[in-house]
Amino acid sequence: MRKDVAFGQYYPVDSFVHRTDPRTKLLFLIAYIVALFCCKTGWGMALCALGLLTVILLAKLPLKLVVRSVRGVVFLLVFTGILNLFFYRGEGEALISWKFIHIYKEGIFYTIYLMSRLFLLVMSSAVLTLTTTPIALTDGLESLLTPLKYIRFPVHELALIMSIALRFIPTLMDETERIINAQKARGADFESGNVFKRIKAIIPILIPLLISAFRRAEELGDAMDARCYSGSSIRTKYKKLRFTYRDVCAFFFMAILMTGVFLFNSYGAALSALCVQGWNALLGLFGAV
Amino acid sequence: MDMQETESVAVRFENVKFKYDQNSRYALNNVSFSVKEGEFVALIGHNGSGKSTTARLINGLLEATSGKITVFGKDVSDKKNLFEVRKSAGIVFQNPDNQMVSSIVEDDVAFGPENIGVPREEIGERIEWALSVVGMTAYRNSSPARLSGGQKQRIAIAGVLAIKPKILILDESTAMLDPKGRKEIMDVVLRLNKEEKMTVIMITHFMEEALLADRTVVLNRGKIVLEGEPQDIFKNSELLETYNLSLPGIGYICKQLQKNGMAIRDCLYPEELAEEIASLLQEES
Ligand SMILES: Nc1ncnc2c1ncn2[C@@H]1O[C@H](COP(=O)(O)OP(=O)(O)OP(=O)(O)O)[C@@H](O)[C@H]1O
Ligand SMILES: [Mg+2]
């Protein structure tokens, strides 16, 4: 079993965040991402990070688990970061210039922003999936998308498809592992050769995986039929979504966070200047002593 | 057939034929049998003999080519009855991984009751009940991915039980489990049959499991070839062999002992064999 597929895996503990309505959490995440991308100052970014940390602590999630969720995309993030660092054109002199690579002071700042933004984005999404069962998540989506039913959009079916897809991720991961091992035992080589060779080596994994997925799908379809699934309107819902005081708290929390970010956007520079002044004054004071 | 009889018969097959394709051979050829309410029937036969086909025909996943199938008197081929039929006959399949729709145990168990429109409060009670029957109450909020094979299969059973079917069909539901997991499932099934008076149709390749049934039906190449109490069925080892079936372990040991000149009766259960050997030893000493 692959242990590093934290993403999309529910972490079952009982906490404030776990009990918050999935709709709230979804809206919260959207608002959070908006805040991340609107944020123009280090202060705002720090506030966002602090906000996420608070949520993680409230959710009783081990920090390690959340950080681990970044692992899958860390290469992509670092790659984006490095590209930005090398090719960002700032004003004034470049700090370092070597062939086509120029590193500017602004480039460094911008890269730090970008990276923290992306890391926070991935981690906040991970917090959502770690604290919300896939079913609750899809229920939340289904509920938020309900208005689309009036234009005959198959909201319920879509929600079910999503929840089943999520349910099968770990199963298919295990299966992939098994197939890889089986092919390795037959002498397949996935680690060496050029890109084309490696892509070609994936085919003997993909085809058995696909066939097995189809077989599973067929069996699942039968099992669902046997359990009286018909998608008809008499269907009831066991888990009913209800807003509670938690959701009110969450909305206030988000409002504070967003206000903070926007305030910092407007007054962050002034605040920084103030800090620098204060710092200098402090230094001066010590210098006098 | 009078009304009284119809009511006590859970499943009835009358001259049922079925083939998957127009030009393939009959997967079931003229099969007739019935299962009484509250009965525990084991369905055995070698690979491809038509056991799964039979199970799927009972709750309308497949439709008979000819003949008549009724579940509690309701004709399965009538589309109007299909929903009722599926409510009263639940199937647990072989691979628990391919039967679950949710990543949370209680949501998965809720799936069936939701489909048949059970009110919300009652679904909660049903989950509670179904999980307690299979002894998995403690796992109500866990994820199936973190459970053992036997535990997963018990959840799959709970998922079917939550619909409150009168008939429970198990299609090789113990095949992927180790001996311990198999025993867990057998215990649950036996308890359901004895205590909840549930009709059980169990498809299995394990002769030891078939021995625990009230009645055993043997399929061979789409036909019923033997039918009766397991003790009687397993008396005839030569005949069983022609259908590619073996004796239960104990029965086989017994035959070997007889071959080696030990004068003991045919036994099928461990206790029986132990008694036989013990009394034989006592006689000798
Ligand atoms: N989906 C299918 N399409 C075509 N033929 C099928 C299909 N499923 C089964 N058959 C055929 O129908 C016959 C009966 O199959 P069935 O699955 O009922 O056997 P079984 O007794 O359950 O066997 P096993 O012990 O292997 O599960 C076999 O000859 C098989 O090849
Ligand atoms: Mg079968």
Side-chain angles (χ1 to χ4, degrees), chain A residues 1-3 5 8-14 18 129 132-139 156 159-175 212-242, chain B residues 52 55-56 58-62 82-124 126-127 139-146 152 156 159-160 162-163 165 169 171:
Chain A
M1 174 121 180
R2 259 184 198 208
K3 290 279 182 272
V5 282
Q9 280 283 43
Y10 179 65
Y11 184 76
V13 288
D14 192 19
H18 283 74
T129 51
T132 319
T133 63
I135 275 277
L137 205 59
T138 45
D139 279 353
H156 162 70
L160 188 67
I161 290 169
M162 272 179 47
S163 92
I164 289 173
L166 284 166
R167 139 81 184 82
F168 272 91
I169 287 173
T171 311
L172 291 179
M173 285 280 196
D174 284 356
E175 183 116 333
S212 130
F214 276 118
R215 204 200 59 235
R216 284 177 190 280
E218 203 163 323
E219 276 182 34
L220 182 73
D222 274 349
M224 284 168 67
D225 274 343
R227 282 163 81 184
C228 305
Y229 180 72
S230 59
S232 74
S233 51
I234 69 154
R235 200 167 194 280
T236 45
K237 261 209 146 1
Y238 170 53
K239 289 219 165 127
K240 193 162 184 191
L241 300 176
R242 235 189 251 117
Chain B
S52 299
R56 277 151 204 265
I58 294 174
N59 81 345
L61 289 173
L62 296 173
L82 204 55
F83 202 64
E84 283 302 314
V85 165
R86 284 186 183 162
K87 264 208 282 198
S88 52
I91 304 191
V92 182
F93 294 93
Q94 182 175 22
N95 188 343
D97 269 330
N98 298 348
Q99 301 173 59
M100 295 190 186
V101 291
S102 174
S103 335
I104 276 278
V105 165
E106 81 172 337
D107 290 345
D108 188 75
V109 178
F111 181 71
E114 283 178 340
N115 288 338
I116 58 172
V118 176
R120 215 167 57 79
E121 297 73 30
E122 202 192 320
I123 295 181
R126 285 190 182 205
I127 295 173
Y139 297 89
R140 185 167 177 157
N141 289 311
S142 18
S143 138
R146 288 162 202 244
K152 277 192 227 175
V160 170
I163 302 172
I169 304 168
D171 188 355

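In what follows, chains are A, B, ... by sequence order, proteins preceding strands, each numbered from 1. All values below come from the heavy atoms of this structure, side chains included, with hydrogens, waters and symmetry mates left out.
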Undergrad: Verify, without hydrogens or angle tests, whether Thr236(A) (side chain) and Pro119(B) (backbone) share a donor-acceptor contact under 3.5 angstrom.
TA: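 Side chain of Thr236(A) to backbone of Pro119(B): no pair is present.
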Undergrad: Might you point out which heavy atoms bring Met100(B) and Leu220(A) nearest each other, and give the distance in Å?
TA: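 Minimum heavy-atom separation between Met100(B) and Leu220(A): O-CD1, 3.6 Å.
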Undergrad: Find the distance between SG (Cys228(A)) and CD (Glu114(B)) and round it off to the nearest 0.5 Å.
TA: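 Those atoms lie 12.5 Å apart.
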Undergrad: So, taking the atom named NZ in Lys240(A) and the one named CD1 in Ile123(B), what distance separates them when rounded to the nearest 0.5 Å?
TA: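 Output value for this atom pair is 12.0 Å.
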Undergrad: Based on non-hydrogen pairs under 4.5 Å, which of Ile169(B), Asp108(B), Ile104(B), Val85(B) is most in contact with chain A?
TA: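 Going by pairs under 4.5 Å, I would pick Asp108(B).
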Undergrad: Heavy atoms only: give me the nearest Phe93(B)-Ala223(A) pair and the separation to one decimal.
TA: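 Reported closest heavy-atom pair: CE1-CA, 3.6 Å.
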Undergrad: Side chain from CB out, backbone as N, CA, C, O: work out which of these in Pro165(B) comes under 4.5 Å of a heavy atom of chain A, or both, or neither.
TA: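 No part of it gets close to chain A.
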Undergrad: Provide the closest heavy-atom pair for Ala226(A) versus Leu61(B) in the form atom of the first, atom of the second, distance.
TA: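 Scanning both residues, the minimum pair turns out to be N-CD2, 4.2 Å.
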Undergrad: Using side-chain heavy atoms (C-beta onward) and a distance below 4.5 Å, is Arg215(A) in contact with Asn98(B)?
TA: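 A side-chain contact exists here, since the closest heavy-atom pair is under 4.5 Å.
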Undergrad: For chain B, which of Asp225(A), Ile164(A), Leu160(A), Thr138(A) has the most heavy-atom pairs under 4.5 Å?
TA: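 Option with the greatest count: Asp225(A).
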Undergrad: So, the side chain of Arg167(A) versus the backbone of Pro144(B): is there a donor-acceptor pair under 3.5 Å, distance only?
TA: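 It does not hold such a pair.
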Undergrad: Given that the side chain runs from C-beta out, which part of Asp107(B) has a heavy atom under 4.5 Å from chain A: side chain, backbone, both or neither?
TA: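 It is the side chain, since no backbone atom gets that close.
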Undergrad: At a 4.5 Å cut-off on heavy atoms, which part of Leu82(B) comes close to chain A: side chain, backbone, both, or neither?
TA: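 For Leu82(B), neither part sits under 4.5 Å from chain A.
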Undergrad: Out of curiosity, Tyr238(A) OH to Glu121(B) CD, how far, rounded to the nearest 0.5 Å?
TA: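 With rounding to 0.5 Å, OH (Tyr238(A)) is 10.0 Å from CD (Glu121(B)).
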Undergrad: Return the set of residues passing ring-ring contact (aromatic ring centres under 6.0 Å, His included) with Phe111(B) (not counting sequence neighbours), or none when no residue passes.
TA: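 Scan of Phe111(B) (ring-ring contact (aromatic ring centres under 6.0 Å, His included), adjacent residues dropped) gives Tyr229(A).
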Undergrad: Can you say whether Ile116(B) sits under 4.5 Å from chain A via the side chain, the backbone, both, or neither, judging by heavy atoms?
TA: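 When you check distances to chain A, atoms from both the backbone and side chain of Ile116(B) fall under 4.5 Å.
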Undergrad: Report yes if some heavy atom in the side chain of Met224(A) is under 4.5 Å from a heavy atom in the side chain of Asn115(B); otherwise report no.
TA: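 No, every pair of side-chain atoms sits at 4.5 Å or beyond.
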Undergrad: Rounded to the nearest 0.5 Å, what separates atom CD in Gln99(B) from atom CD in Glu219(A)?
TA: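 The distance works out to 8.0 Å.
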Undergrad: Quick check: do Glu106(B) and Lys239(A) have side-chain heavy atoms less than 4.5 Å from each other?
TA: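 Yes, side chains in contact.
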Undergrad: Look at atom CD of Glu218(A) and say whether more than 12 heavy atoms of other residues, nucleotides or ligands are closer to it than 6.0 Å.
TA: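 No, the 6.0 Å shell around CD holds no more than 12 heavy atoms from other groups.
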